[in-house]
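First up is the structure itself, then whatever we jot down about it.
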Amino acid sequence: MTGTDVRKETEDSGPGGYAAARLRLLTEGARSGPPRRTALAELTDDWLAGLFGAAAAGARGVSLVAVGGYGRGELSPRSDLDLVLLHDGSDPGAVAALADRLWYPVWDLGLSLDHSVRTPAEARRTAGEDLKVHLGLLDARHLAGDPALSAGLRTTALADWRNQAPKRLPELQELCAERAARQGELQYLLEPDLKEARGGLRDATALRAVAASWLADAPREGLADARRSLLDVRDALHLATGRATDRLALQEQDQVAAELGLLDADTLLRQVYEAARVIAYASDVTWREVGRVLRSRTVRPRLRAMLGGGKPVTERSPLAEGVVEQDGEVVLARAARPERDPVLPLRAAAAAAQAGLPLSLHAVRRMAATARPLPTPWPAEAREQLVTLLGSGRPTVEVWEALEAEGLISRLLPDWERVRCRPQRNAVHVWTVDRHLIETAVRASELTRRVGRPDLLLVAALLHDIGKGWPGDHSVAGEIIAKDVAARIGFDRSDVAVLSLLVRHHLLLIETATRRDLDDPATVRSVAEAVGTQSTLELLHALTEADALATGPAAWSSWRGSLVADLVRRVSAVLAGNAPDEPEPAAPTAEQERLAIEAYRTGGPVLALCAQTEPVTDEEPSGDPEPLGVELRIAVPDQPGVLPAVAGVLAVHRLTVRTAELRALRLPDDVDDEGAVLLLNWRVAAEYGSLPQAARLRTDLVRALDGTLDIAGRLAERDAAYPRRRGWTAPPPRVTVAPAASHHATVIEVRAQDAPGLLHRIGMALEKAGVRVRSMHVSTLGSNAVDAFYVTTGAGTPLPTQDAASLAGVLEETLRG
């Protein structure tokens with residue numbers, strides 16, 4: 001059906017014809033994107049013009065005007081109709097009746113309507129009081145009635161906007177900043193708001209308003225395509241959900257991707273992020289230009305008065321060869337020749353980051369258009385400038401984004417293209433892969449005084465997740481890429497080996513410290529063998545901290561830091577040749593022995609709670625010590641079911657287990673020369689609220705051990721009290737046997753969605769299998785639990801290989817159920 005046919009059907013059939021034509025337009029597969037939005041706007045224009053013509057009956061001094069998104073002709077399937085009924089004020093009663101005859105048919109069709117009835121003077125006064133109203137009037141478009149009335153409104157709105165720009169634009173910038181702080185950045189969110197988040201459709205509209213002021217203009221390259229891309233995604237979202245929503249929820253992304261003909265939800269998010277990045281960068285450049293223009297308007301008259309007239313001379317301060325500062329930006333010197341100086345882009349970027357200044361858009365574009373590619377390997381100056389850029393701290397981010405916006409980063413580092421705008425579907429990560437790498441370099445720049453080779457630390461930070469753009473284990477893939485990139489950058493063979501090792505093992509320390517028994521010599525020895533040297537260990541320690549800090553709040557804490565530091569200390573001792581091969585079993589402390597004797601004499605569990613804190617260091621002089629949780633010490637006569645009982649009671653009381661150790665203690669001969677007591681030393685923290693009293697925990701533990709406390713039932717009741725929400729489906733649990741992880745026990749590693757009672761279920765399964773738990777090490781990263789259990793046979797030896805594999809399979813099936 002052609003546009004003429006649709007309009008004819010609408011005119012012939014009234015509201016019913018419009019509804020049918022609208023439905024046909026939205027469901028026909030041949031039209032999508034801008035053509036469909038334009039056709040929908042034209043269809044709606046014709047329908048509303050028909051309504052107006054029938055209702056106005058030749059009335060004069062009145063017109064119907066589309067504003068906002070409808071005024072721009074950007075109608076998505078569920079968009080509001082933004083309308084103003086404009087009148088000259090001569091007959092308010094007739095206008096009110098006309099409004100009813102216009103609005104009610106729209107409401108009857110279930111369409112959202114944002115409407116107002118105003119005279120031109122009222123519209124102008126309201127726009128002066130309400131910035132959002134004024135923005136809507138900038139896109140005013142005549143639909144029906146008196147065209148002169150509509151044209152006068154648009155002319156007046158634009159004139160007022162230009163005259164008031166010095167006041168209105170800072171107000172608009174503040175509005176955008178407040179919205180960004182509230183909604184976040186579109187280019188990093190897993191469930192972004194396409195309209196309200198920074199880099200979204202609201203910001204694109206704000207850029208149009210700045211351009212309409214004639215005060216400044218946005219970089220236009222790619223901006224129209226980015227806006228169109230976000231509008232296309234919103235159209236598909238409206239069709240997929242049947243709702244007027246701008247939030248791209250996780251559960252809708254696959255359907256939206258299919259609607260757009262994209263491969264999958266990740267491809268969709270990457271497309272959204274790329275568009276948002278273009279708009280966000282254009283916003284940064286535009287608002288910077290607005291600030292420069294407004295400052296010049298206030299400064300120049302004073303300068304001219306002081307200098308006695310004439311044009312003031314712009315100051316240019318040298319920063320580096322071919323690079324100067326001018327007007328608060330870094331620009332190229334007049335003598336700079338990018339076509340003859342391939343290092344200039346890195347030199348300018350490093351100078352800008354060191355000075356804490358933005359790179360001029362003109363400078364970046366000139367370098368992107370004319371600079372020659374660097375030779376392979378890079379000259380020493382280029383490598384040094386890259387390291388300087390990476391080591392400049394927080395200003396590195398803005399400078400890097402400027403280079404990336406014009407394609408310079410992908411030209412310098414071709415492998416960057418695979419991680420650019422790549423989403424990370426992990427609640428722990430708050431950034432895309434590429435931004436996470438830059439954030440890690442920023443964090444690493446704060447740790448360069450702790451290492452002997454800060455250049456290797458910074459480049460390793462930039463490359464540590466570069467393998468995430470490839471199939472398989474990103475650490476393995478990243479090692480290969482890092483070797484190639486490091487050699488291309490110009491590092492020598494030994495430095496290339498260190499960088500590739502750092503990338504390959506960037507997760508080694510944090511995973512070992514949180515999931516392995518550090519008292520087991522095999523654990524420490526395996527890390528020492530992987531690292532090789534003290535200097536590499538030093539670098540890996542700093543990289544581990546920088547990576548975790550750049551990941552998000554859930555990835556690092558004083559507790560995790562203390563575990564990693566303890567592991568590093570032990571590995572350092574091994575590398576120095578000072579560590580004993582097999583440490584003697586630690587003798588029980590007086591406190592442990594006292595608890596054991598009391599448990600033996602009472603025949604039941606004995607508990608003690610002891611708060612643990614991390615002392616404030618010289619590097620962090622402010623604030624109170626950070627709590628590491630509470631140490632829960634339990635002694636109980638040796639008997640089956642202790643692990644699931646303790647884990648279950650803690651889950652019932654909403655206590656999170658951070659670390660756990662369980663071992664049998666022989667009683668002193670003067671007490672009982674054959675008796676044994678189980679000692680549990682666990683670190684726990686309350687999910688929220690305060691910790692329960694030790695006496696209450698003991699009472700419930702006694703009941704759990706004698707079978708009178710139904711832990712599974714209590715947990716099930718609590719789960720039932722909270723309705724399950726529709727959303728992302730967690731991947732299934734995975735249970736594996738860690739080969740050669742310990743000489744004394746078999747290590748079973750569990751990766752699963754964290755949930756109340758998870759440790760209780762695991763403990764029950766291990767108890768049922770007849771194995772003993774020597775110790776366990778738990779780690780919770782966002783919603784993911786990664787727990788390692790050191791288990792033995794009843795005789796205290798590692799499980800046979802076949803039995804270990806069978807146990808892992810049974811445990812995995814139990815957790816799936």
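Under the 3.5 Å distance criterion, with hydrogens and angles disregarded, a donor-acceptor pair is assigned to the side chains of His506 and Asp465. A donor-acceptor pair shorter than 3.5 Å cannot be found between the side chains of Arg435 and Gln424.
No side-chain heavy atom of Glu511 sits less than 4.5 Å from a side-chain heavy atom of Leu508.
With sequence neighbours left out, the side chain to side chain donor-acceptor pair (under 3.5 Å) criterion links His505 to no other residue. Take Ser535 and apply the side chain to side chain donor-acceptor pair (under 3.5 Å) test, not counting sequence neighbours, and it matches Thr533. For Thr736, there are no side chain to side chain donor-acceptor pair (under 3.5 Å) partners at least two apart in sequence or on another chain.
A distance of 7.0 Å separates CH2 of Trp470 from CG of Asp415, quoted to the nearest 0.5 Å.
Within the structure, every pair that satisfies the salt bridge (Lys or Arg N to Asp or Glu O under 4.0 Å) test and touches residues 542-553, not counting sequence neighbours, is listed here: Arg450-Glu545. Judged as a salt bridge (Lys or Arg N to Asp or Glu O under 4.0 Å), the pairs with a partner in residues 470-483 (not counting sequence neighbours) are, in order, Glu479-Arg504.
Note: His474 and His464 fail the aromatic proximity criterion, with ring centroids not under 6.0 Å apart.
Taking a cutoff of 4.0 Å between a charged side-chain nitrogen and a carboxylate oxygen, Arg425 and Asp266 qualify as a salt bridge. Contact check on Glu598 versus Arg601 returns no salt bridge, with no Lys/Arg side-chain nitrogen under 4.0 Å from an Asp/Glu carboxylate oxygen. Under a 4.0 Å N-O distance rule, the pair Arg570/Asp520 does not qualify as a salt bridge.
Using a distance-only test at 3.5 Å, with no hydrogens or angles considered, a donor-acceptor pair links the side chain of Gln639 to the main chain of Pro637.
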Tell me which donor-acceptor pairs under 3.5 Å the side chains of residues 804-815 have, and how far apart each pair is, sequence neighbours excluded?
from   : atom 1 : to     : atom 2 : distance (Å)
Glu812 : OE1    : Val735 : N      : 2.8
Glu812 : OE2    : Arg816 : NH2    : 3.4
Thr814 : OG1    : Val810 : O      : 2.9

